[in-house]
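Worksheet: one structure, shown below.
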Protein chains: 2
Amino acid sequence: MNLKKLSKILGLSQTTVSRALNNYPEVSEATRERVKAAAAQHNYRANIRAKSLATGRSMAIGHVIPISTRHEIVNPIFADFIAGAGEIYSRNHHDMLLSVVPDIDEERTYRELAAKASVDGVIVHGPRQNDPRIALLKSLGIPFVVHGRTSDGDTDYSWVDVNNRRSFERAANFLFDLGHIRLGLINGLEFMDFAKRRKDGFLAAHKTRGLHAHPVFMATGEMTEGFGYNKAQSMLGDPNPPTAFIVSSMIMAIGVRRAISDAQLKMGRDISVIIHDDALSYLPNGADIPIFTATKSSVHEAGKLCAQMLLDIIDAGDQTPRHTLLETDLTLGESTGPAPK
Amino acid sequence: MNLKKLSKILGLSQTTVSRALNNYPEVSEATRERVKAAAAQHNYRANIRAKSLATGRSMAIGHVIPISTRHEIVNPIFADFIAGAGEIYSRNHHDMLLSVVPDIDEERTYRELAAKASVDGVIVHGPRQNDPRIALLKSLGIPFVVHGRTSDGDTDYSWVDVNNRRSFERAANFLFDLGHIRLGLINGLEFMDFAKRRKDGFLAAHKTRGLHAHPVFMATGEMTEGFGYNKAQSMLGDPNPPTAFIVSSMIMAIGVRRAISDAQLKMGRDISVIIHDDALSYLPNGADIPIFTATKSSVHEAGKLCAQMLLDIIDAGDQTPRHTLLETDLTLGESTGPAPK
DNA sequence: GCAAATATTCAAAGCGCTTTGGTAATGATT
DNA sequence: AATCATTACCAAAGCGCTTTGAATATTTGC
């Protein structure tokens with residue numbers, strides 16, 4: 001079923017049928033209803049590619065998911081983020097175009113997306129401290145929103161980010177308040193901007209207390225369960241080990257918990273743990289009482305915000321950057337307690 | 001830059017330029033090279049929607065990800081599956097169109113995908129035992145591959161699945177061989193086909209040994225860490241508890257491990273655990289020695305296989321269903337041992 | 001009752017590509 | 001030298017929609 005056939009059936013021109021369906025005012029209510037009824041009856045939907053060829057808008061948003069070439073790891077938070085964004089898209093009749101590409105091919109992918117005019121805008125995932133994608137997308141003239149931020153270079157673009165620095169500063173201070181002096185940081189890769197900011201917050205808290213963060217107690221790496229386990233284990237093996245950990249993700253924290261339990265220690269009593277909790281749907285932080293004390297910020301919500309911001313930007317045709325900085329909730333769980341004597 | 005301009009620059013017709021770029025034979029090698037050089041120089045890429053409007057092929061594959069309306073949970077294996085499939089798509093110049101929809105809207109989504117002609121085929125995720133989507137997609141005439149299978153109704157369609165029944169039968173038998181008699185099963189929702197098959201395998205092993213599976217020791221629910229924890233905890237609280245668990249996913253197993261550790265038991269000594277391991281990139285089952293004894297099958301690989309099968313089907317224009325049944329590896333880890341006396 | 005204003009409808013062009021059905025030029029065949 | 005293939009190219013139609021500009025029908029104003 002297509003427009004031509006449908007208009008023939010109705011005895012109307014394609015123009016009128018098209019306008020009736022798209023709610024243009026210059027169509028009488030009587031015919032509009034007749035047209036809509038016929039469209040429903042014949043299960044007519046405008047061919048999306050013909051439509052977007054005619055309008056110049058693709059009604060699709062691109063997400064380029066980089067896969068680390070070295071480690072082949074997919075960021076697990078991505079499922080929840082996508083779910084959030086997808087909710088907004090489908091509510092606004094947009095499609096989501098996903099490109100999963102080795103990080104080495106990212107630039108080419110963005111260029112193609114732009115040249116082929118496949119999308120009206122893109123969401124940028126996992127920004128590095130200094131990320132060439134910003135300049136690239138600007139030069140391509142394609143609207144975009146970054147999930148996260150960059151620190152160096154051009155910072156004049158739209159983003160939605162969590163206040164990572166403050167979160168981790170608060171987390172560290174909270175542990176200091178409990179009497180802990182030696183903290184371990186188990187963080188993501190430091191060329192990732194969020195990881196850098198978290199470390200900065202961690203260090204800032206040390207500084208105000210006049211404490212010194214031991215480099216050996218600041219680990220940075222791929223955010224897997226295994227990495228969390230290894231680093232926690234080796235830090236706990238130190239002759240003068242940390243009494244508390246701050247861990248950048250639930251997944252790593254699971255490894256940390258395993259290491260603690262392997263060392264015959266009890267989390268929350270012998271050793272405290274604060275995690276950053278992205279509120280992943282499949283990894284809830286306990287039911288009523290959180291397992292982990294956490295700086296919490298829903299990545300599902302972030303997906304929704306990014307998507308909405310991008311659609312707004314596209315709609316407005318507007319170039320002035322927008323920003324949303326989300327504060328985290330510091331929620332008390334059972335993984336923290338006073339420093340052991 | 002578009003075809004028209006490019007052909008003007010080259011002093012050739014659009015026909016010739018198009019043919020040169022698409023490697024048709026009726027173009028001299030000299031002009032072909034000249035055209036390709038110019039295309040590269042001007043960063044020309046065919047507008048994908050114009051192209052697919054003309055060819056009738058969208059060069060896109062749809063994935064409809066259902067979100068459970070009741071629980072709002074995103075299946076975490078989905079990230080790795082998508083990554084695998086995406087690899088195949090980009091290698092074959094296809095796009096991936098993702099629709100994240102409440103399970104209640106699934107049918108409408110498929111109908112729209114078909115009517116709007118947005119995709120050349122779809123991958124069906126998470127089939128139920130008797131899944132209406134099969135008949136729907138057949139009636140819509142849209143090529144599809146199911147990741148998993150159905151048990152009831154029409155079973156004549158293409159799929160890629162893991163031999164879930166045999167996997168869990170083997171797992172149970174392995175535990176019986178170790179002297180365990182009371183096994184606990186912590187499984188996904190049973191209307192999901194994979195969960196049903198796993199349970200069938202579990203029961204089959206009991207039957208051949210002349211053993212009876214206790215209903216209280218067979219849990220079924222949403223595959224979260226919390227569910228694994230709750231069920232393991234309650235089963236361990238039984239006056240005559242199981243001495244081994246078979247767990248349907250790594251995520252749930254993490255909860256099971258937490259319950260075991262909370263109960264002051266040692267996994268692999270006091271209680272054995274076998275999991276099904278989807279080989280998720282961000283949740284590797286240990287480094288050199290697996291943490292869990294597992295029936296292992298990479299979901300990333302399954303994504304690749306599904307994608308490739310679908311592209312092959314579309315390419316062949318062929319209707320005869322194809323099947324790939326993957327056997328799992330039963331890999332020995334540190335979570336299993338002889339039944340305690 | 002007639003011009004002007006307004007409300008409806010339509011034919012045709014255009015979005016950027018592919019593909020059909022040619023033509024012109026070259027080379028091979030008798 | 002005339003005929004036939006073959007090679008290399010092109011003009012124009014068509015994919016299914018939107019939108020411009022014009023035409024026709026219906027009201028309104030005086």
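Side-chain atoms are counted along with the backbone in the values below, which use heavy atoms only and exclude waters and symmetry mates. We name chains A, B, ... by the order of the sequence lines, and we start the count at 1 in each one. Given the structure is predicted, the values throughout are model-derived calculations rather than measurements.
The side-chain contact (heavy atoms from CB on, under 4.5 Å) test applied to B:Ala115 returns A:Arg45, not counting sequence neighbours. Taking A:Leu310 as the reference, A:Ile61, A:Ile123, A:Pro143, A:Val145, A:Ile314 meet the side-chain contact (heavy atoms from CB on, under 4.5 Å) condition, with sequence neighbours excluded. A:Glu26 meets the side-chain contact (heavy atoms from CB on, under 4.5 Å) test with A:Arg19, A:Tyr24; sequence neighbours excluded. In this structure A:His42 satisfies the ring pair (Phe, Tyr, Trp, His ring centres under 6.0 Å) test with no other residue, sequence neighbours excluded. Under the side-chain contact (heavy atoms from CB on, under 4.5 Å) criterion, B:Arg322 pairs with B:Ser158, B:Met309, B:Asp312, B:Ile313, B:Ala316, B:Asp318, not counting sequence neighbours.
Two residues are said to be in side-chain contact when any heavy atoms from C-beta on lie closer than 4.5 Å; A:Val64 and A:Val124 fail this criterion. B:Val119 places a side-chain heavy atom less than 4.5 Å from the side chain of B:Ile142. Between B:Asp80 and B:Tyr282 there is a side-chain heavy-atom pair separated by less than 4.5 Å. The side-chain heavy atoms of B:Asp278 and B:Phe81, taken from C-beta on, include no pair separated by under 4.5 Å.
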Could you list the donor-acceptor pairs under 3.5 angstrom formed between side-chain atoms of residues 91-102 of chain B and any protein atom two or more places apart in sequence or on another chain?
residue: B:Arg91; atom: NH2; partner: B:Glu87; partner atom: OE2; Å: 3.4
residue: B:Asn92; atom: ND2; partner: B:Ile88; partner atom: O; Å: 2.7

If you look only at distance, which donor and acceptor atoms sit under 3.5 Å apart when one is on a side chain in residues 127-137 of chain A and the other is two or more places apart or in another chain?
residue: A:Arg128; atom: NH1; partner: A:Gly126; partner atom: O; Å: 2.9
residue: A:Arg128; atom: NH2; partner: A:Glu106; partner atom: OE1; Å: 3.3
residue: A:Gln129; atom: NE2; partner: A:Glu190; partner atom: O; Å: 2.8
residue: A:Asp131; atom: OD1; partner: A:Arg133; partner atom: N; Å: 3.0
residue: A:Asp131; atom: OD1; partner: A:Arg133; partner atom: NE; Å: 2.9
residue: A:Asp131; atom: OD2; partner: A:Arg128; partner atom: N; Å: 2.9
residue: A:Asp131; atom: OD2; partner: A:Arg133; partner atom: NE; Å: 3.3
residue: A:Asp131; atom: OD2; partner: A:Arg133; partner atom: NH2; Å: 2.7
residue: A:Arg133; atom: NH1; partner: A:Glu106; partner atom: OE2; Å: 2.8
residue: A:Arg133; atom: NH1; partner: A:His125; partner atom: O; Å: 3.0
residue: A:Arg133; atom: NH2; partner: A:His125; partner atom: O; Å: 3.0
residue: A:Arg133; atom: NH2; partner: A:Gly126; partner atom: O; Å: 3.0

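Of the residues in residues 4-15 of chain A, those lying under 4.0 Å from DNA chain D by heavy-atom distance are A:Gln14, A:Thr15. Listed by residue number, the members of residues 40-51 of chain A with any heavy atom below 4.0 angstrom from DNA chain C form an empty set. Within residues 29-37 of chain A, the residues having any heavy atom closer than 4.0 Å to DNA chain C are, in order of number, A:Thr31.
Comparing A:Arg19 and A:Leu3 against DNA chain D, the residue whose closest nucleotide sits nearer the 5' end is A:Leu3. The nearest heavy atom of DNA chain D to B:Ala54 and to B:Pro25 marks one nucleotide each, and the one closer to the 5' end goes with B:Pro25. Both A:Val27 and B:Leu53 lie near DNA chain C, and the one whose nearest nucleotide falls closer to the 5' end is A:Val27.
The two residues B:Val27 and B:Thr31 come nearest to each other via the heavy atoms CG1-OG1, 3.4 Å.
Taking 4.0 Å as the cut-off between side-chain N and carboxylate O, A:Arg32 and A:Glu29 count as a salt-bridged pair.
In terms of modelled atom types and a separation under 3.5 Å, the side chain of B:Ser298 and the main chain of B:Ala279 share no donor-acceptor contact.
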In sequence, state the C-alpha distance, the side-chain angles, and the governing distance for A:Asp193 and A:Ser151, and then conclude on side chain to side chain donor-acceptor pair (under 3.5 Å). CA-CA 7 Å; A:Asp193 189 76; A:Ser151 304; 2.4 Å; yes
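Residue A:Tyr24 places at least one side-chain N or O closer than 4.0 Å to OP1 or OP2 of D:dT19.
Taking a heavy-atom distance under 4.0 Å as the criterion, the stretch of DNA chain C touched by chain A extends 5' to 3' from C:dT8 to C:dG16.
Summary of helix geometry: the two end axes of the helix from C:dG1-D:dC30 to C:dT30-D:dA1, each defined by five base pairs via their C1' atoms, are inclined to each other by 50° (rounded to 10°).
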